[in-house]
Amino acid sequence: MTRMLRQLRPYYGAAVFILLLTFLQTMSELFLPTLMADIVDTGIAHGNIPYIWRIGSYMLLFAALGMVCSITASYFSARVALGFGRDLRSRVFSHVEHFSLQEFDRIGTASLITRTTNDITQLQQVLTMLLRMMLMAPLMMLGGIIMAVSKQAQLSLIFIVVIPVLGLTIWLIGRRGFPLFKAQQKKLDRLNMVIRENLTGIRVIRAFNRDRYENVRFDGASRDLADTAIRVNKLMALMMPMMMLILDVSIICIVGFGSFQISYGNMQVGDLMAFVQYATQILFSFLMLSMIFIMIPRASASAARVNEVLDMQPDIVDPVATQAASGTVSAVAADMNTRAQPADQANNHPARDVVLEFDGVEFFYPGAEQPALKRISFQARRGEVTAIIGGTGSGKSTLVNLIPRFYDVSAGAIRLNGHDVRELTQERLREGVGYVPQKALLFTGTVADNIRYGKPDATQEQLVHAAQIAQADEFISRMPEGYNSEITQGGSNVSGGQKQRLSIARALVRQPELYIFDDSFSALDFKTDAKLRAALKQETVNATVLMVAQRVSTVRDADQIIVLDEGEIAGIGTHHELMQHSEVYREIVSSQLSEEESA
Ligand SMILES: Nc1ncnc2c1ncn2[C@@H]1O[C@H](COP(=O)(O)OP(=O)(O)OP(=O)(O)O)[C@@H](O)[C@H]1O
């Protein structure tokens with residue numbers, strides 16, 4: 001919580017101003033009962049009408065001052081709290097943007113959303129309260145006690161009994177409430193997760209007739225949250241009547257003992273009235289203080305959740321020193337040439353640039369006992385297509401995800417133009433890569449916006465060119481507004497194959513030097529797949545292409561094919577080489593092609 005308050009630095013000036021206004025408001029409120037006592041004891045008791053008018057107008061003046069201060073302070077505290085919330089939210093968001101996929105796996109997307117929205121809103125609300133009450137409560141309490149003692153010291157002894165009773169009640173309520181606040185936030189996380197899964201998986205839910213099951217699941221999560229929230233609110237609702245009861249009993253005692261004091265001539269009626277008001281102010285300020293002590297643990301629970309996100313250091317970071325290879329794929333290409341020569345010769349390949357090199361790569365997912373990849377070594381050259389084929393779960397996507405550093409290797413190294421990818425800054429590394437994910441993902445916006453995502457300054461010609469190669473231009477032109485047609489959330493108004501082609505166009509428009517297609521042709525029919533690969537060949541003569549595929553027809557023309565089996569390379573070579581030497585490849589081929597085709 002203290003760390004959170006440090007975020008308030010830009011608002012220190014406004015906070016001091018709020019505290020000043022609160023001070024003035026408190027002072028004017030503390031002064032009012034004394035003025036009222038004067039009116040009663042001096043003005044009314046002696047029938048001094050001008051005195052009543054004079055003191056009455058002072059009262060009006062102080063009341064007006066208090067009100068203006070209160071309104072202004074509320075306005076500024078709302079501004080400060082909202083500004084604080086906005087700053088914190090953008091800090092969390094930009095921090096999360098640097099997370100690698102491992103951190104997302106660890107916290108979970110639903111929880112990240114609750115922490116960025118609801119938890120920060122909680123902190124915002126508490127801050128508004130704190131700014132208003134932090135000074136007012138102790139000041140009002142102290143001032144109220146001083147004024148009450150000055151009116152009648154003996155009668156003030158009543159507070160020695162009342163305040164501990166009040167304190168104990170609030171402590172008991174707070175002690176029960178705190179674990180509930182924490183649980184409430186967790187249950188909100190869960191509800192968010194269920195909603196997310198339901199909304200994104202609506203088609204599967206419908207297809208499998210699981211609506212009722214999902215309704216029950218949602219209802220369970222919602223009820224669970226509601227039950228906890230009701231328990232929290234019941235506790236909080238108990239607080240007010242308890243406070244009022246204690247306050248009323250105290251007033252009865254004050255009036256009772258006070259009337260004795262009046263009858264003995266130790267006190268005047270006006271003073272007793274003022275005393276009652278001071279007692280109310282003292283007890284209410286105590287209530288305010290206790291609210292602060294209850295709200296702070298609640299906010300602390302939220303602050304801890306937000307801090308957990310902010311403290312989480314991404315596993316994948318940029319190199320610290322400027323030793324970081326400064327170039328993109330192309331900029332470091334010259335350097336690579338000399339390094340690559342021996343390897344080229346060793347492999348008897350024509351001396352083409354080795355752009356990408358896997359060198360004894362091993363990779364474990366966090367917490368996994370078995371490596372998802374082991375002993376992976378190969379080279380991919382400029383102007384060549386390297387295809388990766390293998391059964392499901394053989395590690396194809398894992399392999400390509402290591403190149404843009406979505407995850408870092410556990411052992412070995414991946415080199416891009418001779419530089420270990422961990423030596424490049426992530427931005428530079430990814431600048432030179434055109435990545436097409438396995439699951440095509442589009443954003444809300446127009447078709448053009450989506451393609452331009454790959455290169456924000458792309459011209460219309462470049463967009464159309466990319467779309468033509470991706471075999472997307474034809475269907476885009478048939479859309480009512482062509483390139484300006486809107487794509488709905490998640491790309492639900494285009495087909496799976498169209499989505500894939502648009503995400504291919506998005507990668508093509510960047511004209512990167514290394515293309516990664518992660519099973520990106522799977523939703524295309526054979527004809528479109530073939531047309532796309534033919535067009536791609538022309539486009540990528542100077543680029544390096546890494547293509548994950550399930551279909552042999554997609555990979556058979558590749559310059560080299562890597563066969564993956566249970567995370568290991570089971571064969572590497574051209575289609576013909578593999579047909580002769582790789583049993584695993586032959587099995588894949590025979591399961592897909594007729595003998596004639598496979599020859
Ligand atoms: N985020 C993850 N956390 C833990 N294990 C994972 C994760 N992603 C994949 N795996 C595991 O790693 C192995 C390789 O998965 P990967 O997705 O790379 O396979 P693939 O060859 O691309 O499969 P497919 O063709 O079905 O897409 C699998 O056993 C999978 O269970």
Side-chain angles (χ1 to χ4, degrees), residues 96 98-112 193 196-197 200-201 204 312 314-316 356 358 360-378 380 385-412 414 421 433 435-441 496-497 499-500 503-504 507 515-524 529 545-556 558 560-572 578 582 584-585 587-589 591-593:
V96 167
H98 291 106
F99 279 1
S100 71
L101 299 189
Q102 278 177 26
E103 284 84 48
F104 280 102
D105 291 349
R106 221 174 293 156
I107 298 197
T109 325
S111 182
L112 276 174
M193 190 199 73
R196 255 178 72 87
E197 272 191 5
T200 47
V204 181
M312 190 168 267
D315 278 346
I316 291 175
L356 178 74
F358 271 60
V361 168
E362 189 165 88
F363 176 72
F364 286 82
Y365 277 106
E369 284 179 8
Q370 294 297 319
L373 292 174
K374 47 187 180 277
R375 293 186 286 278
I376 304 289
S377 297
F378 71 90
V385 175
T386 299
I388 302 166
I389 195 164
T392 52
S394 57
K396 305 181 295 294
S397 297
T398 307
L399 188 151
V400 292
N401 281 341
L402 296 177
I403 302 166
R405 292 188 75 199
F406 293 155
Y407 296 97
D408 262 347
V409 297
S410 310
I414 298 173
V421 287
V433 176
Y435 172 73
V436 186
Q438 185 171 29
K439 195 170 160 230
L441 183 103
K499 235 192 280 186
Q500 276 198 338
S503 54
I504 292 169
Y515 287 92
I516 300 175
F517 297 104
D518 185 359
D519 207 2
S520 320
F521 310 123
S522 57
L524 307 182
D529 180 358
V545 177
L546 214 67
M547 186 186 280
V548 170
Q550 300 271 6
R551 289 189 207 146
V552 174
S553 61
T554 310
V555 304
R556 61 177 294 161
Q560 83 175 327
I561 303 167
I562 296 167
V563 187
L564 271 191
D565 187 30
E566 294 185 5
E568 274 189 282
I569 294 185
I572 186 161
L578 288 170
S582 171
V584 182
Y585 188 69
E587 274 172 23
I588 299 173
V589 174
S591 68
Q592 294 185 20
L593 300 179

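Both ligands and their constituent atoms are indexed starting at 1 by order of listing. The model shown is predicted, which means the values in this text are computed figures rather than measured ones.
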Trainee: Please determine if Ala372 has a nitrogen or oxygen closer than 3.5 Å to a nitrogen or oxygen of ligand 1.
Mentor: no
Trainee: Using a 6.0 Å cut-off, check whether atom CD of Gln550 has over 12 heavy atoms from anything other than its own residue.
Mentor: yes
Trainee: Can you list the atoms of ligand 1 that are under 4.0 Å from a heavy atom of Ser394?
Mentor: 19 (O), 21 (O)
Trainee: Which heavy-atom pair separates Ile403 from Ile414 by the least distance, and what is that distance?
Mentor: N-CD1, 4.4 Å
Trainee: Give the numbers and elements of all ligand 1 atoms closer than 4.0 Å to a heavy atom of Gly391.
Mentor: 21 (O)
Trainee: Kindly identify the option in Phe363, Phe406, Phe104, Tyr365 whose heavy atom sits closest to atom 4 (C) of ligand 1.
Mentor: Tyr365
Trainee: Is any heavy atom of the protein nearer than 4.0 Å to atom 8 (N) of ligand 1?
Mentor: yes
Trainee: Answer yes or no for atom 30 (C) of ligand 1: protein heavy atom present at a distance under 4.0 Å?
Mentor: no
Trainee: Are Phe358 and Phe363 an aromatic pair by the rule of ring centers under 6.0 Å?
Mentor: no
Trainee: Can you tell if the side chain of Ile376 reaches within under 4.5 Å of the side chain of Leu564, non-hydrogen atoms only?
Mentor: yes
Trainee: What do you reckon, does Ala368 put a non-hydrogen atom under 4.0 Å from ligand 1?
Mentor: no
Trainee: Should Thr392 be counted as touching ligand 1, given the test is an N or O pair under 3.5 Å?
Mentor: no
Trainee: Any luck finding a side-chain donor-acceptor pair between Asp529 and Thr554 under 3.5 Å?
Mentor: yes
Trainee: Would you say the side-chain atoms of Tyr365 and Thr398 include a donor-acceptor pair closer than 3.5 Å?
Mentor: yes
Trainee: Please report which non-hydrogen protein atom sits nearest to atom 27 (O) of ligand 1, along with the residue it belongs to and the distance in Å to one decimal place.
Mentor: Gln438 NE2, 2.8 Å
Trainee: Can a donor-acceptor pair be found between the side chains of Asp518 and Ser397 at a distance below 3.5 Å?
Mentor: yes
Trainee: Distance under 4.0 Å to a non-hydrogen atom of Tyr407: what atoms of ligand 1 satisfy this?
Mentor: 1 (N)
Trainee: Checking Asn401 against Tyr435 for the side-chain hydrogen bond (donor to acceptor under 3.5 Å, both in side chains) test, could you report, in this order, the C-alpha distance in whole Å, the side-chain angles of both residues, the deciding distance, and whether it holds?
Mentor: CA-CA 9 Å; Asn401 281 341; Tyr435 172 73; 3.2 Å; yes
Trainee: Show the numbers, then the answer: is there a side-chain hydrogen bond (donor to acceptor under 3.5 Å, both in side chains) between Gln500 and Ser503?
Mentor: CA-CA 5 Å; Gln500 276 198 338; Ser503 54; over 6 Å; no
Trainee: Asp519 versus ligand 1: do any nitrogen or oxygen atoms come within less than 3.5 Å of each other?
Mentor: no
Trainee: I need the atoms of ligand 1 closer than 4.0 Å to a non-hydrogen atom of Thr398, numbered in the order shown.
Mentor: 14 (C), 15 (O), 16 (P), 18 (O)
Trainee: Looking only at protein heavy atoms, which one is nearest to atom 23 (O) of ligand 1, and what is the separation?
Mentor: Gly393 N, 2.9 Å
Trainee: To the nearest 0.1 Å, how far is atom 17 (O) of ligand 1 from its closest protein heavy atom, and which atom is that?
Mentor: Ser397 CB, 3.8 Å
Trainee: Is there side-chain contact between Val385 and Val555, with at least one heavy-atom pair below 4.5 Å?
Mentor: no
Trainee: Classify the contact between Phe364 and ligand 1 as side chain, backbone, both or neither, using a heavy-atom distance cut-off of under 4.0 Å.
Mentor: neither
